[in-house]
Visitor: 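Got a structure for you, questions after.
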There are 2 protein chains.
Amino acid sequence: MENARELFQVMTRRLGLLNKCCCSVDGYDISLTQSHLLYEIERRRNPSMQQVAEALGTDLTTFSRQVQSLVRMGLIHKTAAPDDRRVSLLSLTSPGEAVARGIDRQMNDMLDEAFSFLTPFEQETLLRSVQIFNEALGKSSRCCQPAQEGASPNNTCN
Amino acid sequence: MENARELFQVMTRRLGLLNKCCCSVDGYDISLTQSHLLYEIERRRNPSMQQVAEALGTDLTTFSRQVQSLVRMGLIHKTAAPDDRRVSLLSLTSPGEAVARGIDRQMNDMLDEAFSFLTPFEQETLLRSVQIFNEALGKSSRCCQPAQEGASPNNTCN
DNA sequence: GATATTTATTGCAAAATGCAAGTTATTTAA
DNA sequence: TTAAATAACTTGCATTTTGCAATAAATATC
């Protein structure tokens, strides 16, 4: 089990590079960060700023500016929550949805190409395994408690 | 197969967050980027700057400065190649190796905790699947040729 | 031996980041 | 019910990161 880290490091790096290439849709050039942001807003149901920022592991002030930029581009919409006007609910505009879908499609196309080197059974197994692994990662909450003797005090972990 | 992107997006995000928490060893605070850099130097055999920069998908000028910073920290070493003195070969110093190993260990510990929610068979299957997938991603070279009708011309993809 | 190419480094200007402080809205409590 | 405390964001500012253009140094090509 010692090469687990190696396997995941290589995989995430490759997927990251791949993701960098899926950022241009309908004349909109989207940064990797912005693409994650769109993805997360698409997936959730009118999330608040904090919810998305935390999901992405981004500082709220940085996130606030990223949102501003996407609002200026006309890709997302910010609405005050009716029940608590402090919170801003995020949603995709129509162009935003189109861009999100376009990125989705490009990513899936690229994944499909990689999948073409796998047998249907291998594809099936991979996806199922990743699904199970995601659930395990969700249960495992050890992130940000390094509990590491050598840990420096100014390791804020965020 | 439509949820492939979703599965990988969630996984890479979670692994990324996890990775952010594994960056403090022996009093050295290491950024995520620096950790990838150390990892890649550790894995290769006296790689050149260009090799590592390309592997990481980083601009060479940015990479040059990242290297400078790690050299100043005393974690890596830069040597002119004997056969071609233009190229700089990178290697880990002793403290650098210790830090790289420390990060490896922390990551593996965290992965182990996630694995504890899986059966041994599921672990086995997951690792095997990822290994096969990595090979497939290596063969698939479609990255950076979006071939996308809506693609903007200034999408340099790197 | 002169020119072109390759590898890496700086200059600079733009973009991203995060802490501290501020604003507006809601909750708590006196 | 109103004054203080808390919560959700936003902005000021200083630092860091990034990448293109230009440069320096070494090698290759002709």
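All values derive from a computational prediction rather than experimental measurement. Each chain gets a letter, A, B and so on, in the order the sequences are listed, and its residues count up from 1.
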Visitor: Select from A:Thr62 and A:Asp83 the residue whose nearest nucleotide in DNA chain C is closer to the 5' end of that strand.
Guide: A:Thr62

Visitor: Side chains of A:Glu42 and A:Asp104: does their closest heavy-atom pair fall under 4.5 Å?
Guide: yes

Visitor: Give the angle between the helix axes at the two ends of the helix from C:dG1-D:dC30 to C:dA30-D:dT1, taking five base pairs at each end and rounding to 10°.
Guide: 10°

Visitor: Among residues 69-82 of chain B, which contact DNA chain D at a heavy-atom distance under 4.0 Å?
Guide: none

Visitor: Find which nucleotide of DNA chain C each of A:Asp84 and A:Ser31 is nearest to by heavy atoms, and output the residue with the more 5' nucleotide.
Guide: A:Ser31

Visitor: Does A:Gln68 make a side-chain N or O approach to OP1 or OP2 of D:dC9 shorter than 4.0 Å?
Guide: no

Visitor: Report yes if a side-chain nitrogen or oxygen of A:Gln66 is closer than 4.0 Å to either non-bridging phosphate oxygen (OP1 or OP2) of C:dA15; otherwise report no.
Guide: no

Visitor: Describe the nucleic acid contact of A:Thr33 in one word from base, sugar-phosphate, nothing, applying a heavy-atom distance below 4.0 Å.
Guide: nothing

Visitor: Would you mind telling me which of C:dA8, D:dC9, D:dG19 lies closest to the side-chain atoms of B:Gln50?
Guide: C:dA8

Visitor: Taking N and O atoms by type only, does the side chain of B:Thr61 place a donor or acceptor under 3.5 Å from a partner on the base of D:dC20?
Guide: yes

Visitor: Measure the shortest side-chain to side-chain distance between B:Phe8 and A:Leu126 over non-hydrogen atoms and say whether it is less than 4.5 angstrom.
Guide: yes

Visitor: If you only use heavy atoms from C-beta on, which nucleotide in C:dC12, D:dT10, C:dT17 is closest to the side chain of B:Arg65?
Guide: C:dC12

Visitor: May I have the distance from A:Asp59 (atom CG) to D:dT11 (atom C1'), rounded to whole angstrom?
Guide: 13 Å

Visitor: Would you indicate which nucleotide in C:dA8, D:dA26, D:dT18 comes nearest to any side-chain atom of B:Arg86?
Guide: D:dA26

